[in-house]
Amino acid sequence: MEPLTEHRQVSGPVVYGFLRLIRASEARQAALTASLADYCRRHELLLSGVFTDRATAPGPSSAAFTGLLDVLALPDVYGVVAPAMSHLGPNAVAAERTHRIATSGSRLLLIRHRRPQHPSGFRSRQVRRLPGAVHGLGTDQRGPR
């Protein structure tokens, strides 16, 4: 492996992509595969292949995920890249798949992380207030300085 610089080609850590595409068009698959490739290029990772799960199996085992686990057992494989946690399946399936990826000694890299939810179900906006300012009047009423 060559040193990481902006002027030389590098062979980065080897990763494999995983997409779960139930009832998705070929255009959507192409766009998601391109986003995985772009993410890997920007982070100096080598995308060696993309496994696509089109099955609606109730459990974590599918042909695509089993194939992914097989390549994760190869030497020098760094991890798995996916667009979001939802591509690993429903919550229970995603949790089991995440555990199996971690057990293989590989990392799970998500392009888009789950947003934290506010306890009341909506996100509150923080309002930035200037010290000493009286808000709600439209102007700063501190007087002469």
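- Atom CE of Met85 sits about 6.0 Å away from atom CG of Leu88, to the nearest 0.5 Å.
- Among all heavy-atom pairs drawn from Gly79 and Ser106, the shortest one is CA-CB, 3.9 Å.
- Side-chain atoms of Ser35 come within 3.5 Å of backbone atoms of Leu32 as a donor-acceptor pair (strictly under, hydrogens ignored).
- With sequence neighbours excluded, the residues that form a side-chain hydrogen bond (donor to acceptor under 3.5 Å, both in side chains) with Tyr78 are Arg107.
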Exercise. Go through the steps to decide whether Val80 and Leu109 satisfy the test side chain to side chain contact (heavy atoms under 4.5 Å, CB included), and finish with yes or no.
Key: CA-CA 6 Å; Val80 178; Leu109 307 166; over 6 Å; no

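- In terms of the side-chain hydrogen bond (donor to acceptor under 3.5 Å, both in side chains) criterion, residue partners of Asp38 (sequence neighbours excluded) are, by chain and number, Arg41, Arg42.
- Val93 and Leu108 fall into different hydrophobic clusters, defined by Ile, Leu, Val, Met, Phe, Trp and Tyr side-chain heavy atoms under 4.5 Å apart, directly or through other members.
- Between Ser61 and Glu96, the closest side-chain pair of non-hydrogen atoms is not below 4.5 Å.
- We find the CG-OG1 distance between Leu68 and Thr52 to be 11.0 Å, quoted to the nearest 0.5 Å.
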Quiz prompt | Derivation of the ring pair (Phe, Tyr, Trp, His ring centres under 6.0 Å) call for Phe18 and Phe65 | solution = CA-CA 8 Å; Phe18 189 79; Phe65 190 72; 5.8 Å; yes

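- The distance from the CZ atom of Arg97 to the OG atom of Ser62 is 4.5 Å, given to the nearest 0.5 Å.
- For the atom pair CZ (Arg54) and CD1 (Ile22), the distance works out to 8.0 Å, reported to the nearest 0.5 Å.
- With sequence neighbours excluded, no residue forms a side-chain hydrogen bond (donor to acceptor under 3.5 Å, both in side chains) with Thr98.
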Practice problem: Check the pair Leu110 / Arg112 against side chain to side chain contact (heavy atoms under 4.5 Å, CB included), numbers first and verdict last. | Solution: CA-CA 5 Å; Leu110 299 175; Arg112 188 179 69 235; over 6 Å; no

Self-check item: Trace of the side chain to side chain contact (heavy atoms under 4.5 Å, CB included) decision for Leu47 with Leu36
Solution: CA-CA 8 Å; Leu47 183 63; Leu36 292 179; 4.2 Å; yes

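- Interatomic distance, Leu19 CG to Thr33 OG1, rounded to the nearest 0.5 Å: 5.0 Å.
- Considering every non-hydrogen atom in both Ala94 and Gly89, the closest pair reads CB-O, 3.6 Å.
- Judged by distance alone, with hydrogens and angles left aside, the side-chain atoms of Ser104 form a donor-acceptor pair with the main-chain N or O of Ile101 at under 3.5 Å.
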Quiz prompt | Intermediate values then yes/no, side chain to side chain contact (heavy atoms under 4.5 Å, CB included), Cys40 and Val81 | solution = CA-CA 8 Å; Cys40 290; Val81 62; 4.0 Å; yes

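- With hydrogens and angles disregarded, a donor-acceptor distance shorter than 3.5 Å links the side chain of His87 to the backbone of Arg20.
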